[in-house]
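Count residues from 1 along the sequence.
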Amino acid sequence: MTSFLQEYNLKVPVVLDPQGTVGSAYGVTGIPLSVWVDKQGRIRYESLGWRAGKEKEFASWVAKLTQE
């Protein structure tokens with residue numbers, strides 16, 4: 001995990017689930033998985049994997065959810 005974050009110079013909080021308990025409960029099928037939750041606690045967006053340029057997509061979700 002650390003090497004992935006370093007390779008892409010990511011400075012984001014990361015939650016690990018070594019036993020897979022949370023992943024199983026929520027049907028996580030792969031990593032990295034980013035989940036955006038609104039102020040009411042509803043999942044608004046999920047993104048599996050990473051590719052160059054995804055940070056722009058993430059920035060738009062942050063802007064959208066913080067304006068609600």
Side-chain angles (χ1 to χ4, degrees):
M1 178 62 67
T2 302
S3 61
F4 177 84
L5 296 172
Q6 290 173 341
E7 179 180 347
Y8 290 98
N9 195 31
L10 299 174
K11 307 232 185 313
V12 296
V14 175
V15 177
L16 300 179
D17 181 22
Q19 283 76 38
T21 306
V22 177
S24 293
Y26 288 94
V28 174
T29 59
I31 58 170
L33 176 67
S34 300
V35 180
W36 301 98
V37 180
D38 67 16
K39 291 176 184 177
Q40 288 75 39
R42 297 175 296 193
I43 294 175
R44 297 288 300 277
Y45 176 73
E46 294 180 23
S47 177
L48 181 60
W50 180 262
R51 67 182 183 290
K54 203 156 201 168
E55 60 276 4
K56 293 177 186 174
E57 183 181 341
F58 284 5
S60 73
W61 273 102
V62 169
K64 180 177 181 174
L65 292 174
T66 55
Q67 291 174 4
E68 292 181 353

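Note on L16: it does not cluster hydrophobically with V22, by side-chain heavy-atom contacts below 4.5 Å among ILVMFWY residues. Criterion: ILVMFWY side-chain heavy atoms under 4.5 Å apart, direct or through other members. Under it, W36 and V14 are part of a common hydrophobic cluster.
Qualifying side-chain contact (heavy atoms from CB on, under 4.5 Å) partners for E55, counting only residues two or more places apart in sequence or in other chains: W50. Partners of L33 by side-chain contact (heavy atoms from CB on, under 4.5 Å), not counting sequence neighbours, listed by chain and number: V28, V35, E46, L48. Judged as a salt bridge (charged side-chain N to carboxylate O under 4.0 Å, His left out), and not counting sequence neighbours, E7 has no contacts.
Counting only residues at least two apart or in different chains, side chain to side chain donor-acceptor pair (under 3.5 Å) contacts with residues 8-28 comprise N9-K11.
The shortest distance between side-chain heavy atoms of E68 and D38 falls below 4.5 Å.
Within 6.0 Å of NZ on K56 lie no more than 12 heavy atoms contributed by other residues, nucleotides or ligands.
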Please tabulate, one pair per line, all N/O donor-acceptor pairs under 3.5 Å involving side-chain atoms of residues 58-67, not counting sequence neighbours.
{"from": "S60", "atom 1": "OG", "to": "E57", "atom 2": "O", "distance (Å)": "2.7"}
{"from": "T66", "atom 1": "OG1", "to": "V62", "atom 2": "O", "distance (Å)": "2.8"}
{"from": "T66", "atom 1": "OG1", "to": "A63", "atom 2": "O", "distance (Å)": "3.2"}

